[in-house]
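Below is one structure, written out as C-alpha cells, with a few remarks after it.
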Amino acid sequence: MAKKIKNGNGISKYNRNKYIWAYIFILPQIIVFFGFSLYPIVMSYVYSFYDWSGIGPLTNFVGLKNYSRILTESSFWNAFGNTFVYTAGFTVVSISIALILALVLNNPNLKGRGIYRTVYFLPVVTTMAIIGIVMQNIFGTQGFFNEFLKAIGLIDQSISWLSNPVLAMILLIIIGSWKEIGITMIYWLTGLQMIPREVYEAAKIDGAGSWQTLRYITLPLLKPIGATILLLTVVSSMRVFDLVKTLTEGGPYFATETLELYIYRFAFAPDGPSQVGFASAAGVILGLTVFIVSLILGWVVYKVSGQKRKPLGGGIK
Amino acid sequence: MKKKLVVLLSALLLMMMLAACQSEEADGDSDEVTLELWNNLASGSTFFPKLIEEFEADNPGIKIELNNVNVESSDAEYQAAISDNSLPDMFITDAFSMNELVDLDLVHELNSVFPEEAQEEYTDGVFDEGNTRIGDNIYLFPIFKGGTYMMYYNKAVLDDLGIDTVPETWDELLAVGKEVYEKSDGNTEGLIFGGTSGWLVDAFVQLMATELSPESRMDYVNGEYSFNNEGNIETIEFLKEMLDENALSKLTLETNSTVAREYFAVGKTAFLIDGNWTGQLLEDENEFSDWGVVQLPTKNPDGKQYGEFGVSSNDGMFVSNNTEHWDEVEKFLIFLRDNMYEELVNVGEATIAKEFDLVDGEAPFEQITDIQDIFSTMSIQVPNPLAVDPDALDVQLEVLKNGPDSSPGEILMGYLTGQVSDLEGELEAYESAYNKAFDDALEAHESVTREVFQFPDWVPYEPYTGEDHQ
C-alpha cells in the first residue's frame, strides 16, 4: 500500500510523460527483439521435440528422440570437435597477434599509426562470405598462393591447401583470425589506453625496462579486458558459419564441418528431406554449449576484474 | 510541445492513409491478373522469358512475373513461403518431394491440363505413379524426364596433343589421362568432375557401380539396400588409381560442378563427368562448342550400366493450391504444354519429357542427339515400390531421414583425400546403417511390408514397366 502511494505521488506528471515516451521509443526495438530473436529461440526449442521438415503443422511429437539421435551420431561429434578445434585455434591466434599489434600501434612515437590501424581494421568491414570465396581462389591448387610459392622456388608441386584436412582447418583458422584481428586489436588498444600514464612513469622512475614494464605492468593491468576479449572471441568463433560455408563447405570429407554448418545442412541443404526438427535439436545443443562456455568465461571475467580493481585503486591512493 | 506532437502524428497518419489509397488505386486501375512463377532451372532463365512474352502477347489480361530463384538458397525460401502461406502461383523446386507437397495439400492437381491424348505424347513412364502422379491425380507438370550422367571430352585438347582415342573403358581412360598429363608437361590433365558437388559424385559413382553390381543401392530382388559391393569398391579404387597416376585432376578435390566445367571448357582437362544438361551450359555459359560426349567408361569393353528412370520434383512445375487465378494458370500451363518443349530443344535441353520426335525444335548444337542416345540407353525404368503400395513412400522418406549421414560419393572423396583408409569397412558400416534405418522404418509402418520392395522377376538392365508391376 505504502509503495503504491509512493509511486503515485513520487513521479511528477512531467516525469511520467517522459517515461511513457521512453517506452514508446523503445517499443519498436522490443517488438523486433521479441519477433526476430526471442520467438525463433523459443520455437527452436519447440521444433526440437518434433519430427518436422520445416513445412506444415507440428504434428509428429517425438519427445527427446532428436536429441538421443544426435548424441549417437558420429558426424555430430565430428562437427562438435571441429568447432572446438577452430575456436581454440582462432582464439589463440587472433588474441595473441591482436595484442602484439595493439602494443606496437599504441606506441606514441610510431609514425603513421592511424594508417596501420586502418589497414589492420580493413578486413573487419569486409563481408566474410566474400573473403571465403576470394581466399578459395587464392589458396586453390592452381591459385595465386601456390603459383607464388612456385615462382620463388619454395615448392615444385602445388599444395592442396583445401583438400588436405589438416591444412584446410589451419587455413580456416588463419583466415578467420586475419578477418577479426582488427576488431580484437581495437579492444586491446582500448585496454592499453585505459592504463594510467602515471603507472608507466612511476615504473620508469623505478628503473623498469621495456620488458619489465610489459611483464609486470601492462599485461597484468590488461587482464580484466583480456578476459572480456577472451569471452567475446570464444563465443563468436563457436558460431562460425559463413567462412566455412564459402571456403571449404565443411570439407574435405567433413574435416572442417562446424556445428553451424551441420545445422544448416540438415535444415536447408539435406541429401534427403529437410529435417528442421533434428537441426533445431542440434541448434539447442550448440546454444547450450555456447551458454555454458560463456558462463565459465563470464566467471573468469568476474574473478579477474574483481581481483585487479583493488590493487590498481590502492596504488592510485 | 504537445501541439507539435499532435501535428506530427496527424501528418504521419495522413501520409499512411494517402499511401494506402494510392496503392489501392494502383491495383484498382487495371483488371490485369499477375501470376507469379518461381524458377530454379538454369536454362529456365533463358526459355521462360521468351515463352512468357509470347503468352502475354496472346493474353493481354494476364501477366507472368518470373522470379529466378537461387538453387543454393531455395530450400529456405520455399520453407518461408510455405510457412507464410505465400507460395507463388507456379513453382519449380527440389526442396520438397511431390508427396510432401501433396500430403500438406499445398499443390493443385493438373488433370485438366493433361487429358489422355496429351499424355500419349510423353515418354513412357512420365505419368506413372510417383513420377508426376499420385493416385488418380497429376500434380507435377513434367518438363524433363529425369537425367543421367556422361563423360564430355574436349576435342581441342585431344587434337592439340595428337590423341585420337576417346576412352570407352577404365583402362583406356587411365591410359589416355596419363598421356594427356605427360604430353602437356602437366599443364593439362585427364579427367575432372565437381568433387564438392555431393549429388554429382553420388550419382555417377552409382551409375558406374551398376556395371559390376546391378543391385547397387537397391537390391530389388531381395528388397534390401546394397552399398558394400564389388561395383562401388572397384569404381572407387579405380578413381583413386586415376588420381595417383595423375590421370584425374587434383582440382577435382576442391571444385564443384560449375568450376569443374569451367576448367574443362578452358582446356585445363580433357574429360569431364557431369549431367546431361552440361552440353547446354557449355554452349551458353562457357561459350565452348568444341566438345563431344560419350557414355561413362565401363570396366569391361562390353560392360553395361543403367540409371533409374524417374521424374523428380525438380523435373517439373507445381501449381500452388492457394492460387487465386486457377483459370489463368491453367491457360498458361496449356500454352506451355503446347509450346514449351520446342523452346527447350531450341536452348539445347536434351531430356524433355515429351517424345522428342513430336517436337519441332532446332537444337543449337549437334551433340544433343548423342546426349539423347546416352540418356535413352542409360535411363531405365526399374521396379517402383510406390506402384505396389503408395505408402511405401513413407518408408523411403524415413530411411532417407534416418539413414547414415554420408554416402558412397562422400566415401569416395574421403578415400581420394586419404581420410578413408578402410574402404570396405566404411561401405559396410554405411550399408548396415542404411539397412537398419530400413528395418526400423518398416517396423514403424506396419502396413508396408518388405515384400513391397521385393521384385523377384526383376532382370537388371531391362526396363521394368507398368505391366511388370501388374
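Labels below follow one simple rule: chain letters A, B, ... track the order of the sequence lines, proteins then strands, and each chain is numbered from 1.
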Discussion item. Salt bridge check, B:Lys250 against B:Glu189: does any charged N sit closer than 4.0 Å to a carboxylate O?
Written reply: no

Practice prompt. Evaluate the side-chain contact (heavy atoms from CB on, under 4.5 Å) criterion for residues A:Val276 and A:Tyr50: first the C-alpha distance (whole Å), next the side-chain angles of each, then the deciding distance (0.1 Å), finally the verdict.
Written response: CA-CA 9 Å; A:Val276 175; A:Tyr50 285 85; over 6 Å; no

Discussion item. Testing A:Asn164, A:Thr248, A:Thr141 one by one against B:Glu254 for a side-chain hydrogen bond (donor to acceptor under 3.5 Å, both in side chains), which residue passes?
Written reply: A:Thr141

Worksheet item: Is it the backbone or the side chain of A:Ala168 that comes under 4.5 Å from a heavy atom of chain B, or both, or neither?
Response: neither

Worksheet item: Under a 4.0 Å N-O cut-off, is there an ion pair linking B:Glu237 with B:Lys240?
Response: no

Item to complete: Give a yes-or-no answer on whether the side chains of A:Glu260 and A:Thr258 include a donor-acceptor pair shorter than 3.5 Å.
Response: no

Worksheet, complete the sentence: When the 4.5 angstrom heavy-atom criterion is applied to B:Leu106 and chain A, the contacting part is side chain

Discussion item. Is a donor from one side chain sitting under 3.5 angstrom from an acceptor on the other, for A:Ser53 and A:Gln275?
Written reply: no

Item to complete: Verify, without hydrogens or angle tests, whether A:Thr127 (side chain) and A:Ala129 (backbone) share a donor-acceptor contact under 3.5 angstrom.
Response: no

Worksheet item: Which region of A:Phe254, side chain (C-beta onward) or backbone (N, CA, C, O), has a non-hydrogen atom less than 4.5 Å from a non-hydrogen atom of chain B, or is it both or neither?
Response: side chain

Worksheet item: How about A:Phe266 and A:Tyr262: are their ring centroids closer than 6.0 Å?
Response: yes

Practice prompt. Could you check B:Trp38, B:Phe318, B:Phe96 and say which one makes a ring pair (Phe, Tyr, Trp, His ring centres under 6.0 Å) with B:Phe91?
Written response: B:Phe318

Fill in: Contacting region of B:Ser97 [heavy-atom separation from chain A under 4.5 Å]
neither

Worksheet item: So which part of A:Asn17 gets closer than 4.5 Å to some heavy atom of chain B, the side chain, the backbone, both or neither?
Response: neither

Discussion item. Could you check whether A:Lys179 and A:Thr126, counting side-chain N and O atoms only, form a donor-acceptor pair closer than 3.5 Å?
Written reply: no

Worksheet item: Are the charged groups of A:Glu249 and A:Lys245 less than 4.0 angstrom apart, N to O?
Response: yes

Worksheet item: Between A:Ile138 and A:Phe148, is any pair of side-chain heavy atoms under 4.5 Å apart?
Response: no

Worksheet item: Between B:Tyr415 and A:Tyr253, does the ring centre distance come in under 6.0 Å?
Response: no

Practice prompt. With rounding to the nearest 0.5 Å, note down the distance linking CG in A:Leu167 to CG in A:Leu172.
Written response: 11.5 Å

Worksheet item: What residues of residues 426-440 of chain B sit under 4.5 Å from chain A when you count only heavy atoms?
Response: B:Glu426

Worksheet entry | Top of B:Lys268, B:Met413, B:Glu100 for chain A proximity - count of heavy-atom pairs under 4.5 angstrom | B:Lys268

Fill in: Toward chain A, the part of B:Val259 with a non-hydrogen atom under 4.5 Å
neither

Practice prompt. Quick one: which of A:Gly140, A:Pro57, A:Ser160 has the most heavy-atom pairs under 4.5 Å with chain B, could you say?
Written response: A:Gly140

Item to complete: Name, in order of residue number, those residues of residues 397-408 of chain B that have a heavy atom at a distance of less than 4.5 Å from a heavy atom in chain A; otherwise write 'none'.
Response: B:Leu397, B:Leu400, B:Lys401, B:Asn402, B:Asp405, B:Ser406

Worksheet item: Heavy-atom distance under 4.5 Å to chain B: side chain of A:Phe278, backbone, both or neither?
Response: neither

